[in-house]
Amino acid sequence: MRKAKLLLILILTVHGLYGQDSVRISPYMNFQYFRNNGDSSYLKATLTYVKNRVERPLPGQTISFLGPAGEKIRDAETDSKGIAVCALVRDDLKADPDGLWQFGISYTGNDTVEAISSELSIRNASLSLECLEADSIRTVKVSVEKTEKGKMIPAAGETITVYAKRMFSLLPIGEITLDDAGSGTVDFPGDLPGDINGNVVLIAKFEDHPEFGNLERREIKQWGIPFIATDHTSRRALWTKTAPKWMIYTLTILLTGVWGHYLFTIISLVRIRLSSRKKELVEDDEINFDKE
């Protein structure tokens, strides 16, 4: 009976260890299409997984990018952020009878990561951005056409946003709802700062559109207020060599308090030591006096 129990425990232990080793990561795949200002397009796949409620990348994994009939376009390896990119050429853009480009991605997995695949349908679209100026009124005009049944037609009713590029982000200028001709306009603000020459980068784009994916067009216009460089030696700011006065005063007070505590501690220790020595000398004198 005892041997049977030991055997059962051994079997359960081995099964538990095997079960832990056989658990594989269930990945997540984000599949996107991009078309930039130069009419060059590419596919982007992001492979991640979740551990301890934190999304983490899966680097060094081979992703297969597929065409309309499932044929392989090319393989790409994910980088340190779990991103793999596949640049597209004209031969890769084969539309089906509905005028859609069908793409797919496939990841076969391995001993530790499960396999995963995804598909994406993109409709060919043409985006143009025109900067107009009349009677000191500056206007940004956007026109969009899309392919449907082999013909280019206006993308009426679509909503697109126009941005101005800033140093760290994009500043929305306005949102346009395209009319029946597939076009719309938005006024450009007259108080927007530009670079040293007053140039501003204008961007019109769709972001993760269900049909067009990520589609954008850029133009550079001298419509901004020229940036005037100042002498940083006479200006105090966080990004200059001379720190603001409030920061210097605050740091001085904090450091004075810290070093003041250190100095007080050292003085207290010295006084305790001297007081102890003085007490020992008094006690020795009292002992010697009693002996006499």
Side-chain angles (χ1 to χ4, degrees), residues 28-47 62-76 78 83-108 115-132 139-163 170 172-186 201-219:
Y28 296 90
M29 184 79 78
N30 186 23
F31 191 22
Q32 296 173 291
Y33 168 84
F34 290 85
R35 186 175 179 181
N36 60 22
N37 199 53
D39 287 335
S40 61
S41 54
Y42 63 92
L43 300 173
K44 176 183 175 182
T46 306
L47 188 63
T62 301
I63 306 293
S64 297
F65 291 87
L66 310 176
E71 74 276 9
K72 182 186 295 187
I73 299 176
R74 61 188 58 85
D75 292 335
T78 56
I83 297 174
V85 176
C86 173
L88 298 173
V89 297
R90 185 176 296 274
D91 293 339
D92 299 327
L93 304 176
K94 301 175 182 178
D96 62 10
D98 295 329
L100 298 175
W101 297 328
Q102 303 290 345
F103 300 108
I105 47 175
S106 176
Y107 171 64
T108 57
I116 191 172
S117 61
S118 183
E119 295 180 349
L120 184 64
S121 298
I122 296 296
R123 185 176 300 279
N124 180 31
S126 174
L127 170 61
S128 64
L129 188 152
E130 188 177 2
C131 299
L132 307 174
T139 305
V140 180
K141 181 180 179 181
V142 177
S143 300
V144 183
E145 290 184 326
K146 63 180 180 180
T147 301
E148 193 168 301
K149 297 181 181 180
K151 297 180 180 180
M152 295 295 290
I153 64 172
E158 297 290 347
T159 301
I160 188 170
T161 305
V162 178
Y163 303 88
L170 298 179
I173 293 178
E175 193 174 76
I176 301 173
T177 299
L178 304 179
D179 58 19
D180 293 339
S183 62
T185 60
V186 62
V201 180
L202 297 172
I203 304 171
K205 69 174 182 175
F206 292 104
E207 293 185 271
D208 290 325
H209 190 277
E211 283 190 313
F212 310 143
N214 295 273
L215 178 64
E216 74 170 43
R217 178 69 63 176
R218 300 189 176 202
E219 290 290 341

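- Residues passing the side chain to side chain contact (heavy atoms under 4.5 Å, CB included) test with Ser128, sequence neighbours excluded: Ser143.
- No donor-acceptor distance shorter than 3.5 angstrom exists from the side chain of Arg218 to the backbone of Asn36, with no hydrogens or angles considered.
- Of the possible donor and acceptor atoms, none in the side chain of Arg123 sits under 3.5 Å from a partner among the backbone N and O of Glu211.
- Looking at Ile116 and Leu47, their side chains come closer than 4.5 Å, going by heavy atoms from C-beta outward.
- Of all non-hydrogen atoms in Leu120 and Gln32, the two that sit nearest each other are CD2-C, 3.8 Å.
- A donor-acceptor contact under 3.5 angstrom links the side chains of Thr147 and Asn124, judged on distance only.
- Contact record, Leu178 with Gly184: CD2-N, 3.9 Å, taken as the closest heavy-atom pair.
- Put simply, CZ on Arg90 and OG on Ser41 are 10.0 Å apart, with the number rounded to the nearest 0.5 Å.
- One distance of note links CH2 of Trp101 with CG of Asp96; it measures 11.5 Å at 0.5 Å rounding.
- Two residues are said to be in side-chain contact when any heavy atoms from C-beta on lie closer than 4.5 Å; Ile173 and Val140 fail this criterion.
- For the pair Lys146 and Phe212, the cation-pi test (distance below 6.0 Å, angle within 45°) is failed.
- Under the side-chain hydrogen bond (donor to acceptor under 3.5 Å, both in side chains) criterion, the residue pairs touching residues 148-162 are Glu158-His209, with sequence neighbours excluded.
- Here the closest non-hydrogen pair linking Gly157 and Thr177 is O-CG2, 4.2 Å.
- In this structure, CD1 in Ile160 is found 10.0 Å from CD in Glu175, a value given to the nearest 0.5 Å.
- Heavy-atom minimum distance, Val142 versus Val144: CG1-CG2, 4.2 Å.
- In this structure, the side chains of Met29 and Ile63 come closer than 4.5 Å at one or more pairs of heavy atoms.
- For the atom pair CD1 of Ile105 and CD of Glu119, the computed distance is 10.0 Å after rounding to the nearest 0.5 Å.
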| request: For the pair Asp92 and Leu43, evaluate side chain to side chain contact (heavy atoms under 4.5 Å, CB included) and give the outcome as yes or no after the intermediate values. | output: CA-CA 11 Å; Asp92 299 327; Leu43 300 173; over 6 Å; no
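- Residues that satisfy the salt bridge (Lys or Arg N to Asp or Glu O under 4.0 Å) test with Asp75, not counting sequence neighbours, are Lys72.
- Side-chain atoms of Leu170 and Lys205, non-hydrogen and from C-beta on, do get closer than 4.5 Å to each other.
- With hydrogens and angles disregarded, a donor-acceptor distance shorter than 3.5 Å links the side chain of Arg74 to the backbone of Ala87.
- Here the shortest heavy-atom pairing between Ser121 and Leu100 reads CB-CD1, 4.4 Å.
- Inter-residue side-chain proximity for Phe65 and Val85 is flagged as unmet; no heavy-atom pair is nearer than 4.5 Å.
- Among all heavy-atom pairs drawn from Pro154 and Gly182, the shortest one is CB-N, 3.6 Å.
- At least one donor-acceptor pair under 3.5 Å links the side chain of Asn214 to the backbone N or O of Tyr33.
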